[in-house]
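Counting from 1, the numbers follow the sequence of the chain as shown.
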Amino acid sequence: MAKRALINREQKRRETVRKFAAKRAELLAIVNNSKFSPEERYEARLNLQKLPRDASPVRLRNRCALTGRPRGVFRKFGLGRAKLRDIAMRGEIPGVIKASW
């Protein structure tokens with residue numbers, strides 16, 4: 001089980017990313033559009049840099065929904081590999097069966 005503080009920090013980051021998503025998209029559109037003047041694009045870049053660092057989606061980390069483990073997380077299920085295996089072996093995930101060949 002991951003420390004509660006790490007899990008809470010990740011949730012706070014997700015909230016910050018969601019909060020600033022529209023503003024980031026707007027500023028990035030200006031920065032990447034060559035139809036705007038260089039001064040406008042420069043101003044947009046400065047405003048983009050003024051946003052909180054945690055507003056960037058690159059800083060997010062996928063974690064297991066049950067344990068908070070940061071590695072070995074399956075995106076489709078949102079679970080770490082160990083918990084996914086446990087739950088799948090109990091037959092609680094529809095359509096997931098143990099491989100045999």
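For the pair I7 and T67, the tightest heavy-atom approach, listed with the atom from each and the gap, is CD1-O, 4.1 Å. The shortest non-hydrogen separation linking R63 to G68 is NH1-O, 2.5 Å. Nearest approach of G78 to V73, heavy atoms of both residues: C-CG1, 4.2 Å. Minimum heavy-atom separation, P57 to R24: CD-NE, 3.9 Å. What you find for C64 and G80 is that their closest heavy atoms are SG-N, 3.2 Å.
Atom CG of L66 and atom CG of L79 lie 5.0 Å apart (nearest 0.5 Å). The CG atom of N47 lies 9.5 Å from the CD atom of Q49; values are rounded to the nearest 0.5 Å. Here R13 contributes atom CZ and L60 contributes atom CG; the two are 8.0 Å apart, rounded to the nearest 0.5 Å.
Crowding of I97 atom CD1: a count of heavy atoms from other residues, nucleotides or ligands under 6.0 Å not exceeding 12. Within a 6.0 Å radius of CZ in R90, more than 12 heavy atoms belonging to other residues, nucleotides or ligands are found.
Side-chain atoms of I93 and L84, non-hydrogen and from C-beta on, do get closer than 4.5 Å to each other. A heavy-atom distance below 4.5 Å is found between the side chains of F77 and V96. Inter-residue side-chain proximity for K12 and N8 is flagged as unmet; no heavy-atom pair is nearer than 4.5 Å. Put simply, the side chain of T16 does not reach to within 4.5 Å of the side chain of R59, judged on heavy atoms. Contact annotation: the side chain of P70 never approaches that of E10 to less than 4.5 Å [non-hydrogen atoms, C-beta and beyond]. Residues R71 and R61 form a side-chain contact, since some pair of their non-hydrogen atoms from C-beta on lies under 4.5 Å apart. Looking at heavy atoms from C-beta onward, L51 lies in side-chain contact with L27 at the 4.5 angstrom threshold.
Counting only distance, with no hydrogens or angles, the side chain of N33 and the backbone of A29 share no donor-acceptor pair below 3.5 Å. In this structure, R41 contributes its side chain and V31 its backbone to a donor-acceptor pair below 3.5 Å.
Cluster membership check: F36 does not share its hydrophobic cluster with Y42, using side-chain heavy-atom separations under 4.5 Å among Ile, Leu, Val, Met, Phe, Trp and Tyr.
Under the 4.0 Å criterion applied to side-chain N and carboxylate O atoms, K23 and E26 are not assigned as salt-bridge partners.
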